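This one's a predicted model, so the numbers in the text were calculated from it and none came from an experiment. What's counted below: heavy atoms across the whole structure, side chains too, no hydrogens, waters or symmetry copies. As the structure lists them, so they are numbered: ligands from 1, and atoms in each ligand from 1.
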Amino acid sequence: MTRATWRTRLGFVLAAVGSAVGLGNIWRFPWLTATNGGAAFLLLYVLVIVLVGVPGLLGEMVIGRRSRRNPVGAFGELGGRPWRVLGGVALFASVVVLSFYSVVGGWILRYTAASATGAYFGAPQQYFAAIDFGVGAAAFHALFLLATVAVVYAGVDRGIELATTVMVPGIVVLFGGLAVWAWTLPGSAGGYEFYLSLDVAYLRANFFDVLVAAAGQALFTLSVGAGAMLTYASYIDEDRSLAADGTIIAVLNTGIGVLAGLVIFPLLFSLGVSPGEGGPGALFVGLAGAFADLPYSRVVGVVFFGVVLLAALSSAISIFEVLVAYLVDEHDITRARATAGVGGLFLLTGSLAALSPGLFALLADTIANLALTAGLLGFLLFVGWVLGPAAIDEYRTGAGTVARMTGRPWYYTVAVVLPLFLAFTLVSGLGGVLGVPVTAPQAAAIAALGVVVAIALVRHRVDTAV
Ligand code: PFF
C-alpha cells in the first residue's frame, strides 16, 4: 500500500498550524497567563517557544520525515526494536491529551449552539456548572469526536489537508475581526495593560514557577511531545526545508495565540471580569457571560465559539491521526477500521473524563504536561544520540543556505541543551505533583544527573547494537 502524502507544501503547513492552534491558544493560554502574572508569562512563553519549542518541533519533524512512519514504527525503523518504546510514550501522550481535549471540544460545541439560543445568557455560572461534567458533557464530547472521526476517515489529503486549508485561514480572519472589534469596546484598555505590560518584580519573585508553566504551555501549543508533528511530517513527500516550515508553523501559531489574547483580555476587562477567575472555566463563565451584555450578543457568541470550534477540531484531528497512523502502518489494517477503532477508544476514555471532574483535572492539569515533556525529552535524546549526524543530514535535506547553516547549532541544542531544560521542567513538575517541592537548584542537579546517565545508557545501547 502506498503511503499517503500531502498534496501541497501549503497543505502541510496549514495542517500543522491547524494542529498547533487550538484550545491551547484560546482556552488554556488566557487562564495560565492570568494566573502567572500576565505579561511576565507571555514573555517567558514566547522565549521558550523560540529557544525550545522550535528546535524541539524540528526534532520531531526530522524523525517523521526520515522514517516516513508513525511514531512507533519511526523509532523502530531508525533505532531498532527497543526504541519503539518511545513511540509508545507518544501514543500514551496522545491518548491523555485527546481524552480531555475532546471534552472541552464538546463544551465548545455546546456553547456554539447555546449562543444561538442565548441559553447561558441569564446565568452563565450556573449554566456552566450544569453542563461541564455528566452525561450531557459525554454526549457533546461524542459529537465532537464524531466530527474528528469524519475528517480523519476521509484521509490525509482529502480529509485533513482539505479541512485545515479551509479552517486555518477562517480562524485568522475571524479572530482578526474579533480583535479589532474588541479594541473598540469601552474599557478594553485595561486588558491590553494587563496582557502587555511587564511586572518585573513579579517575574523576579516567581521566575521558576512561571518558567515551568510557560514551558509546559509552549510544548502543548506547538503540539510537540505526542508525535502529532512527527506523524504529519511523515507525510511530507518531496524534500523541503524543515527549518523553514517549522519556523513558519511556530510563528503563525504564536501570532494566532497572541491574537487570541488580544480578543480575550480586552473583552474581559471591558466587561469587568477578572481573567484569573474560574480557572479552566474562565472562557465559559467569564467570557460567555460577558457576551450576554453585548449588542448582537448571539452573533458574537456564535462567531466566537465557532472559531474556537474550528481551532479545536483541527488540533484534535492531528492527535487522532497519530493513533490511526500507528494502526495503519504497524498492524496493516485499513484506515476505515483504524479510524473506527480509535474512535471507540476515545469514546470510552473521553466519556470517563466527561463524567469525572477529578480524572479530567488529573489529565488536563498534570499528566498532559508531564507526558508531553517526557515524550519530547525522549525524542530529542534519540535525535541527538541515536540518530546522531544523520539528523543533521535530514535537517539539511531540502534546506536553503541559511537553514543549512543552522544544522549544527540546532543539533547541539537538541542533543544537549534541550534535554537538560526539559529534564529540569520535568523534575520540577513531578516534584509539584508528588508533593515534594524541589528547589530550582535541586531540580537542575537531578536533571543534569539524569540526562548524563540517560546519554551514557543510550550510547552504550547504540555501541552494543552495531
Ligand atoms: N496544540 C494544540 C493546542 O494548542 O490546542 C494541542 C495539541 C495538539 C497538543 C496535538 C498535542 C498534540 F499532539
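Shortest contact from atom 2 (C) of ligand 1 to any protein heavy atom: Ser19 O, 3.3 Å. The shortest contact between atom 11 (C) of ligand 1 and any protein heavy atom is with Ser223 CA, 3.7 Å.
No side-chain donor-acceptor contact under 3.5 Å links Tyr192 and Ser197. Inspection of the Tyr235 and Glu321 side chains reveals an N or O donor paired with an N or O acceptor under 3.5 Å. In this structure, a donor-acceptor pair under 3.5 Å is absent between the side chains of Ser19 and Ser315. With no hydrogens or angles considered, a side-chain donor-acceptor pair links Thr221 and Asn253 at under 3.5 Å.
For Phe220, a nitrogen or oxygen atom sits less than 3.5 Å from a nitrogen or oxygen atom of ligand 1, counting backbone and side chain alike. Considering backbone and side-chain N/O of Gly24, one or more are found under 3.5 Å from N/O of ligand 1.
Under a 4.0 Å criterion applied to the non-hydrogen atoms of Ala228, ligand 1 contributes the atoms 13 (F). Residue Leu23 has at least one heavy-atom neighbour below 4.0 Å for each of these atoms of ligand 1: 5 (O). Close approach of ligand 1 to Thr221 is summarised as follows: ligand atoms under 4.0 Å from at least one heavy atom of the residue are 1 (N), 4 (O). Heavy-atom contacts of Ala226 reach the following atoms of ligand 1: 13 (F) (cutoff under 4.0 Å). Near Ala20, the atoms of ligand 1 lying under 4.0 angstrom from a non-hydrogen atom of the residue are 1 (N), 2 (C), 3 (C), 4 (O). Against a heavy-atom cut-off of under 4.0 Å, Ser318 is close to the following atoms of ligand 1: 10 (C). Listed by number with element, the atoms of ligand 1 under 4.0 Å from a non-hydrogen atom of Tyr101 are 2 (C), 3 (C), 5 (O), 6 (C).
Cation-pi geometry between Arg28 and Phe220 is met: the NZ or CZ atom falls under 6.0 Å from the ring centre, inside 45° of the normal.
Ring planes of Phe424 and Phe421: tilted class, angle from 30 to 60°.
Of the residues listed (Tyr127, Phe304, Phe291, Phe140), the one engaging Tyr111 in a ring pair (Phe, Tyr, Trp, His ring centres under 6.0 Å) is Tyr127, and it is the only one.
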Glu77 and Arg66: CA distance, side-chain angles, deciding distance, salt bridge (charged side-chain N to carboxylate O under 4.0 Å, His left out) verdict: CA-CA 10 Å; Glu77 160 95 9; Arg66 183 98 181 160; over 6 Å; no
